[in-house]
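Keep in mind the model is a prediction, meaning the values are calculated, not measured. Chain identifiers are assigned alphabetically (A, B, ...) following the order of the sequence lines, protein sequences preceding nucleic acid strands; residue numbering begins at 1 within each chain.
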Amino acid sequence: MAAQPLLLELRNLAKAYPAGEEGKPLAVLRGITLGIAAGESIAIVGPSGSGKSTLLNLVGALDHPTSGEVLFHGRNLAGLDELALADFRSREIGFIFQSHLLLPQCTLWENVLLPTLACPGHKPVEPAEHRATRLLARVGLKDRANHRPGQLSGGERQRAAVVRALINSPKLLLADEPTGSLDRAGAQNLAQLLLELNQEEGVTLILITHALELAQRMGRILELVDGQLHPAQP
Amino acid sequence: MKARDLVFRSLVFYARTHAGVVLGAALASTILAGALVVGDSVRASLRRFADDRLGRVAFAMAGNERFFRAALADELAARLNLPVVAALQLPATATTAEATARANHVQLLGIPPDFWKLAGHPASFADLDTNTVLVNERLAGQLGLQPGGTLLLRTPKPSLLSREAPISPQEDASTALRLTVGAVLRDDQFGRFSLQANQVAPGNAFVSLAHLQARLELPGRANLLLVGAEPGQAIATNRVAEALHQAWQLADAQLELRTLPATGETELRTSRVFLEAPVANAVLEMPQARGILTYFVNELRCGSQSTPYSIVSALPPGAYPGGLADHEILVSQWLAEDLSAKPGDSLSLAYFVVGSRRQLEERQHTFTIRGVIPMTDPLADRQLMPDYPGLAKADHCRDWDAGFPIKLDRIRAKDEKYWQDYRGTPKAFITLGTGQQLWSNRFGNLTAVRFPAGAEATSRIEARVRESIRPAGVGMVMQPVREMAAAAATQGQDFGQLFLGFSFFLVLAALILMGLLFQFGVEQRLAEAGTLLALGFTPGRVRRLFLLEAGVLVGLGSLLGVPAGCLYGRAMIYGLTHLWQSAVGTPSLFYHAAYPTLLAGAAAGAAVAWASAWWTLRKQFQRPVQELIARGAELEPAGPPLRQKTSPEMLLATFALVGGSLVMGAGALGTDYAAPVFFLAGALFLAGGLALAGLLLTAQATADGAAHPGLAGIALRNAARRRQRSLATLGLLACGSFLIVAVSVNRLDASRQADQRRSGTGGFALVAETSLPVVHDLNTPAGLEFYGLDATALAGGSAVQCRVREGDDASCLNLNRAQVPRFLGVPPEALQSRGAFSFATVARGLPADQPWRLLSRAGPGEPVPVIGDAASIKWAMGRSVGDLLTFLDERGRPFQARIVAALANSILQGCLVMAETDFIQLFPSETGCRFFLVDTPPAQAAPVSATLTRAFRDVGMEVTSASRRLDAFNAVQNTYLSTFQLLGGLGLVLGSVGVALVVLRNVHERRSELALMVAMGFRVRAISRLVLWEHSYLLLGGLGVGTLSAAAAVLPALRSPGGGLPYVPLLILLAAVVSHGLLWTWAVVRVALHRPLLAALRNE
Ligand SMILES: Nc1ncnc2c1ncn2[C@@H]1O[C@H](COP(=O)(O)OP(=O)(O)O)[C@@H](O)[C@H]1O
Ligand SMILES: [Mg+2]
């Protein structure tokens, strides 16, 4: 494993939010250093408000760190402008959130293909429609392509959101409490699916969750406490 | 806590959201109240104008060319116990001393001092001295007059005998007065005095009655009688008519009853020469009355001998002791000798008859001489000659003014001698029957009626004559002018409705906007509603709570609308008197608002605003409670609407589109109602188009996904997401653009095809109007010569001459409802042969191929056929084609007129046109022509116009280009259209603000989705584009549906002359709306997407 080149490297990453009315800036992340190899599956746990989402947003290039660096394939994201960052997100990152955020008026098919419109110039090896068909079948939504999100169950919607996140063949899948609005069985199923896809598609997975049960199925578990990441006991 | 408290808390808590609703309701109330206030103002202005122009005058008798005794006023006053004033009223032209400025249509009034007692605010102007003239502000303004300045007035010198009658003198046709301006009278000083209802003041010049009588050689005469009454004092028309009947005397009708000393006979004669038919008919019914017709002949010839210029009488056969056959003639001793004629010889008689244009036509008639009478015979009576104005007082034959050139060389010494010895003693006698055959004319067919001596006392005869004629028989009719003025003002153009119509779309836009804002507010509070439901409130009760809240908001808004409505009304009045003055023609409209009107406007605003709130709420709160609570503002449609086989929209779209096509097809086949039919088709297309747009949105919400979705497709899908919201904006824009485009096609351009006969100018290049009548034929060299013109004056063109009977202007230029319109007498053939003008409608059942020919009357008992301008008939008179109308003729006798056809937008607006023959019968004393349609090559129009203006200066001819005149009429409609477009355009702008609001709301609702797209790597530019696209669909779709449907509606107008789309302004307007809408959308998107979207992704 150690021989694997690092996909993602966080160097002394810190994030502080400007303070509100009074008081000093709110330091959420205080110097996080971490290396993640391609193909890994990682769970991040921690109490609510500890900065998990903040960390994920920095990794996904949705936000800029106060200090420190995020290196992706050895390239420093800080050197990229907004356009390049958007490009980067669309090719390399897939996001899943607690809320599926599928467009209610579009069919599943359109919803999962939506990310391909973000960078129309991009010509992936596997044509997007082909991949969409394959992945929808893989998550068991083959027959539902022409349905609207409103016609699906919560679990099905999240699975569609997973397909959407994977449509551009990203290297890194970031899931921020994707099971938060699912029942226990649904959560188990989704976690299982994510792990399997992590294997099948070779996509690196970072999953934020409250559920220890799910975290324990990941390759490693990191706990965010006081702005620091600590390996947690599996 | 009561429901009231709950409502109050909510109001305070959601104040910001509510501001929009208050504003919407305030806007609606403002516009409605403002529009009504405009109506109030115009009505009040017209009422004040009516008060100003009539003062205390309640009844008036305008005699025009009839001159009665001024003393009649006092006699009438005594009987009525009301102030009565006699005055002279004459048309005049006015110039400044240096002829620097000129006014053609001046009303010259000769008034006694008592006249001012009839003013609304009794003003006293000391007895006017002979050289003083008082002018009103209008005339002073036209000529730049100041007190002390000099004014030259020219007025026709009235002759008792119409200038169109045979043997009527033509010299001295007008009198000039040089006067000093004593004062300039304001409107409230009776300066506006006029019997015609028009918001534009006439140009008035007041001079001393006595002075005018002297200058016009009409001592003691007047032609205008005014009866005053206190404001509000009701006086029955009958009472006034009865008093007039009691007071009038034969002298008031220029009738004279005298006893002939030689024979003791009583004779009724008139200084008008010919006894008018009603008088003659009435008198002839009396026992023993004998009619007499005496005429001036040019020549009496027997073989080679002839006698010039003589008088011949026609008497009833009974007057000849030996009898006389119709072909026989008795000659006097003198004539027999002069012609060396004897009984049995044939004698030919040459005489003039007068055509309708005063063309003199010499006719001949041959008689057989029955006998010779001595000069001492009672028949040889010099009293038989009527008082020909140009002859009676002449000392010598060579001084005669017979109205035609007397060939002086033909007058021999013996003729002069005869005139000295015998004056107008007839030289020959024929039967009355033959005489009337030869010499009857429209002025009468008798010159005197005689009663044998001793038949009855003169006073008895007089009483009976007065009884049988009655004043109306000689055109002396009292008009209830105050009543008519009130009617004219109250039934006048309702500007309130007009502006309500104009503002309709603006109100609609305000309401839809308000509805949207209200709905957004409600959506934000769905969770609250859900909670209330969960607490056991029924949906109806929750809705009532929300409606109650809306009621408070709307009430507040409409209260704000009251002062705002006043301001808006003021702004509109300012617009009408400044920007849009051509629509009202007067700068003197003033602002007037009645409280009930304001309250009505505000209440109407509140009602419609509340109704739109109700409409918004009607389907809310029917979702499951949990859904309402759980999802609140983020509520998404649960699933796509069910696919229905036939939705109501499908039906509507199909019906409307098919119906529209059918209607349009029918319209294309040709119909009289092309414009409304096509408008209907357009409206159907609009409805169909909107239904189709609705279907399209539904389809977008349910259709299968595209295999390769694109951003544009997704944008379309998004537009379908909030279907109702999208449809509201789309519909608003569609209706607005439909109205504006469809209506703007009615903008008229007079210069288009102005040289064509079927256009509104009738193909005539010039229109001329004179203040004083022209009695000669401008199409003959002789006629032109009379005015010092040669035959080339019209540059090879010709003129159609029309007679005019003044009345209220019934065109759109008059805001009052015309009570008695102006009548034109035209030669129908002259118009038909030119194929002049096109007709909008021809009465049902009448042939439409030669509409001008419809003016010829089927029979004497039939209604008089009249033709008017379509717009004048409909709007100014409130009538329609085929209607039977009743008017009074000159003698006050009612006659029926039928509108047989309506002209399409023409220069003949404002009057009713009848055949000249009918006109002459109804208004025999209206002399000559005062309205001229002049044909001349377009290139020559300017020089011909200049020539005519110069030559006809003394009759006050005003020549305008026909297309300019049409433009003046069109300006009214065009101005209305501009107003409508302005307000409609404002509505559209409001509509595009609505689009922006929807964008704002949509972006807000979808913040997290948009944030996700950012996370997916979409550039902010691409997301903006997506949102922009989505809303451009609404914007362009709305305008597209509206404009295309409007295109169907305006098709026929595009093909008619003078019509045509004002493409450029329209395109500018539509482009402005599109760019305005896009600008707002873009701005909203920018602001919305500029804020960090990330927060929206947070899970909490
Ligand atoms: N945009 C922001 N501005 C200010 N404070 C923020 C912002 N985003 C997050 N925070 C704060 O940072 C802390 C970490 O938040 P977050 O990363 O969302 O926690 P977690 O996802 O672990 O629950 C919280 O205390 C939160 O209030
Ligand atoms: Mg979080």
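- Counting only residues at least two apart or on different chains, no ring-ring contact (aromatic ring centres under 6.0 Å, His included) pair has a member in residues 1015-1036 of chain B.
- The number of heavy atoms from other shown groups lying within 6.0 Å of CG (Asp183(A)) is above 12.
- Atom-to-atom distance recorded for Ile714(B):CD1 and Leu113(A):CG is 8.5 Å, nearest 0.5 angstrom.
- In terms of modelled atom types and a separation under 3.5 Å, the side chain of Arg1019(B) and the main chain of Ala118(A) share no donor-acceptor contact.
- Between Leu101(A) and Ser1008(B), the shortest heavy-atom contact is CD2-OG, 3.5 Å.
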Leu103(A)/Glu1009(B) under side chain to side chain contact (heavy atoms under 4.5 Å, CB included): CA gap, chis, key distance, verdict = CA-CA 7 Å; Leu103(A) 301 184; Glu1009(B) 289 164 28; 2.9 Å; yes
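- Of the inter-residue distances, the one linking Leu1012(B) atom CG with Phe97(A) atom CZ reads 6.0 Å to the nearest 0.5 angstrom.
- Both the backbone and the side chain of Leu114(A) have a heavy atom closer than 4.5 Å to some heavy atom of chain B.
- By the 4.5 Å heavy-atom criterion applied to side chains, Arg164(A) and Met1016(B) are counted as neighbours.
- Sorted by first and then second residue, the salt bridge (charged side-chain N to carboxylate O under 4.0 Å, His left out) pairs with a member in residues 70-80 of chain A form an empty list; sequence neighbours excluded.
- No other option in Gly60(A), Gly180(A), Cys106(A) has as many heavy-atom pairs under 4.5 Å with chain B as Cys106(A).
- Looking at Ile93(A), neither its backbone nor its side chain comes within 4.5 Å of chain B, counting heavy atoms on both sides.
- Gly710(B) approaches Leu117(A) most closely through the heavy-atom pair C-CD1, 3.8 Å.
- Within the 4.5 Å cutoff, the side chain of Glu82(A) has no heavy atoms near those of the Val1020(B) side chain.
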